[in-house]
Student: 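The structure under discussion is supplied below as structure tokens; questions concerning it will follow.
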Amino acid sequence: GRDIIDWLIQKYNVSEEESLHVGGMLVKYGYIYPLKEPRSLVLRPDESPYRFQTPYFWTSTRWPASELDYGNAKNQTEGVRGYSVLHKRINHTWDFVVMQAREQLRASKQRRKADRIVLECQEQAYWLINRPPVRSLLLLCSTVMNQIETSRRALGRNRVKSSICLEGFVKYSEQYLNHDPIMQGCLPSNPWISDDTAHWTMNADMVPTPTRLRVERWSFSFMELLEDSMGRREFMTYLEKEFSAENLCFWQACEDVRHGESSRIVEKVEDIYKNFLAPGAARWVNIDSKTMDKTLEGIRHPHRFVMDDAQMHIYFLMKKDSYPRYLKSDLYKNMLAKAIVPQETKKSVFPFMRRQRHSSPSPAQAATQAEDGQAKGAGQAGTNSAVQLSA
Amino acid sequence: MCDQTFVAATFGPCECCTKPSPLINIYIKTEPINYCSFCVEVMACQGLQKGETLASLKRETETLKKKLEEERGKLNDVELHQVAEKAEAVGALSIKTKRVLKGHGNKVLCMDWCKDKRRMVSSSQDGKVIVWDAFTLNKEHGLSLPCTWVMACAYAPSGTAVACGGLDNKCSVVPLSLDKNENLAAKKKSVAMHTNYVSGCTFTNSDMQLLTSSGDGTCALWDVESGQLLQSFHGHTADVLSLDLAPSETGNTFVSGGSDKKANVWDMRSGQNIQSFESHESDINCVKYYPSGDAFASASDDSTCRFYDLRADREVAVYQKDSIIFGASTVDFSMSGRLLFAGYNDYTINVWDVLKGNRLSILFGHENRISRVRLSPDGTALCSASWDNTLRIWA
């Protein structure tokens, strides 16, 4: 490397800096290549050995490569035209390249070992710098082959009759009609229209008494019940009475593994094993032996999805057994009976005076509080709002 | 790094002949294959030698596609509008602008609601990301990204962070701090790295994983903590423009739509493309699941929106009108799934009856094309983001 730089300085009467730059370009474009670290295309001003590349592999002698740029496919017509042009060009180049490769293979077998090593070095260096046109053809091939694979898989799918599926959509819309504020309005009023946040306050996570619509939704599907934190709590209370609360605890722990930090997966899976799966565990869950065996095997090399099968088994167990019984239980029926049906707020008498729009504590507070340990910004509520006249 | 348009060159032992040499990495059936240049040629030669040429491979895809259409048609015993005849008609809708959020200095490209039903994050062409309390019109946080065209933004489920990305080919997660003096951009953490622009992003059920779609033709699932690529999704043959997570019980799938006119449904665990729909006539700009998770809608440059049934595995409705000639850029469903809100490039939002297929209403107000419409988490309001630098809340 040092020799190259010195030679450049002498020959072209330039500074060291410029010589380094020009030399670096020569290496980058493959006219000279490093022997020791072929990947590192830099010119080192030291004793590192370099070799000249044969003119065959020079960038300047290459035929212009046809690059297929899939990113440009946004322009539809250009893409279609481009494909047929590419097809023609590649077919010609393809034959040529294959012929060359065969020729080279035959020739290389006849060379002496020393020559062969040199040739290998040259070729390595060449491929490192130049992307061969043949890769575009291969990309095309692999894409088409993948499409074939997907289509074949799709043909094997189980499909449901249209009449059944479409019925499902009509039923769903009917069931949720009263829960769609834009279609049916909401009680006591839509906060965006009346500027009154009562609707949100009444439906907050922690309320002593939930609204009737909310409790009704728990009966629509098991997922609705679990997704509502209050619903989940109620269900847990019910399961405790039935001595099967470990199922829900297990399910929650599995969710935590699936969606939590990668770094804590091993530790969480160990906890689950200790608490729920080990023989004689405190909160042992009843999983069928096949799933249990598979899960225990997987736990030896824990990963994010290792609990999936067991989790699904318990989920469907709860859904088919405990959930329907919960909906028929006194616990649920009482909840439904005492649930609030808010009074609809009549439009205010003076329509021109808009209510004060109160702000709410930002969820981002949780993060800051954790850092400082004090309740910052609690006084924010109510300070940021302003009375506005209708625009 | 997640990448498809380039066949990355790495160095190492070839998986076929074991010689150490520069390797070419390509994906066959979602499996990565790392061969040296010579073995790659040999493999392609062999693949094509079985009497196949690229042309014959293409012909095989066409035949398979036709067969697929036939199979799908067999179970098609009734049309959606026929079944919908017995459904009650939708009453007159009165949807008006209730808030106008001004503050962005350039086109607003994306927005996302917070789970608290009133906050939202929005991003624009000038690199600004703003977190608003849309109810009070307060701007609570603002940050400037070094790149322009922030095309994707998402609110974390916990409400303590936002993700944003765009032309910088990255998607970063920014924790939100209430300290007014804090420079949010300083805490920005790069999570996703693509080889082309990031078109869409969403958190999965927690703050710990991020799903992104990119102009490089792939989607990817990332671990936020470590920035590690957990799974990549290959199959689109052009830019992926949009994605949406399924609200299903098992929570393992998502749908993506792209410039190749295809909408693909993916399994997040295996990275496999489980279903594919190709009936649009132009780029699919947006995809969104039906609330039950059994179907999804798409918006396309061909000025139509379409409704796809996942269990029947086919398109069941097309929402179009002769008077609508501009492309649709975004869609979202109302809470019950009965209404479909679609934003168009002619500055309007059309409200469609999902079941009966007719247009119920047009919302005027924006002064440039609509880039995004999103219903609030409790369905009380619709937010629309537009190239006229504003966001509007409709209720």
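Only heavy atoms go into these numbers, but all of them, side chains included; no hydrogens, no water, no symmetry mates. Residue numbering restarts at 1 for every chain, and letters A, B, ... go by the order of the sequence lines.
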Student: Which region of B:S158, side chain (C-beta onward) or backbone (N, CA, C, O), has a non-hydrogen atom less than 4.5 Å from a non-hydrogen atom of chain A, or is it both or neither?
Tutor: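 Just the backbone, heavy atoms under 4.5 Å.
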Student: Is it the case that the side chain of B:S206 and the backbone of A:H259 share a donor-acceptor pair, with hydrogens and angles ignored and the cut-off at 3.5 Å?
Tutor: yes
Student: Measure distances from A:S263 to the heavy atoms of chain B and classify the residue's part below 4.5 Å as side chain, backbone, both or neither.
Tutor: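 Looking at A:S263, backbone and side chain both touch chain B.
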Student: What residue, out of A:S221, A:S262, A:G168, A:G185, has the most heavy-atom pairs lying under 4.5 Å from chain B?
Tutor: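 Heavy-atom pairs under 4.5 Å are most numerous for A:S262.
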Student: Taking atom types as modelled and ignoring hydrogens, do the side chains of A:N190 and B:T380 form a donor-acceptor contact shorter than 3.5 angstrom?
Tutor: no
Student: Report the relative orientation of the aromatic rings in B:Y290 and A:Y172; use parallel for angles under 30°, tilted for 30 to 60°, perpendicular for over 60°.
Tutor: tilted
Student: What is the minimum heavy-atom distance between B:I95 and A:I182, and which atoms define it?
Tutor: CD1-CG2, 4.0 Å
Student: Do the side chain of B:Q209 and the main chain of A:R258 share a donor and acceptor less than 3.5 angstrom apart?
Tutor: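 Confirmed, B:Q209 side chain pairs with A:R258 backbone.
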Student: Just checking, any donor-acceptor pair under 3.5 angstrom between side chains of B:R314 and A:S162?
Tutor: yes
Student: Checking B:D133 against A:S359: is there a side-chain donor and acceptor pair closer than 3.5 Å?
Tutor: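 The criterion, which ignores hydrogens and geometry beyond distance, is not satisfied for B:D133 and A:S359.
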Student: So, for A:P181 and B:D378, which heavy atoms are closest and what is the spacing to 0.1 Å?
Tutor: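 For A:P181 versus B:D378, the nearest heavy atoms are CG-O, 3.5 Å.
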Student: Just checking, is any N or O donor in the side chain of A:S360 or B:R119 under 3.5 Å from an acceptor N or O on the other one?
Tutor: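 Their side chains do contain a donor-acceptor pair, which is all the 3.5 Å distance test asks for.
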Student: Could you look at A:L177 and say if it's the side chain, the backbone, both or neither that has a heavy atom under 4.5 Å from chain B?
Tutor: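 Backbone only.
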Student: Which atom names give the shortest non-hydrogen contact between B:F135 and A:R357, and what distance separates them?
Tutor: O-CD, 3.4 Å
Student: Please indicate whether B:E88 has more than 12 foreign heavy atoms, meaning atoms of other residues, nucleotides or ligands, lying under 6.0 Å from its CD.
Tutor: no
Student: Provide the full list of salt bridge (charged side-chain N to carboxylate O under 4.0 Å, His left out) pairs with a residue in residues 74-83 of chain B, sequence neighbours left out, each pair given once.
Tutor: B:E71-B:K74
Student: Report yes or no: do B:N76 and A:R159 form a side-chain donor-acceptor pair below 3.5 Å?
Tutor: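 Their side chains do not contain a donor-acceptor pair, so the 3.5 Å distance test is not met.
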Student: For residues A:C165 and B:R311, report the shortest heavy-atom separation together with the two atoms involved.
Tutor: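 Closest pair (atom of A:C165, atom of B:R311, distance): CA-NH2, 3.6 Å.
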Student: Answer yes or no: are there more than 12 heavy-atom neighbours, outside A:K161 itself, under 6.0 Å from its atom NZ?
Tutor: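 No, because the 6.0 Å sphere around NZ of A:K161 holds 12 heavy atoms or fewer from other groups.
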Student: Between B:P175 and chain A, with a heavy-atom cut-off of 4.5 Å, which part of the residue counts as in contact: side chain, backbone, both or neither?
Tutor: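 Interface part for B:P175: neither.
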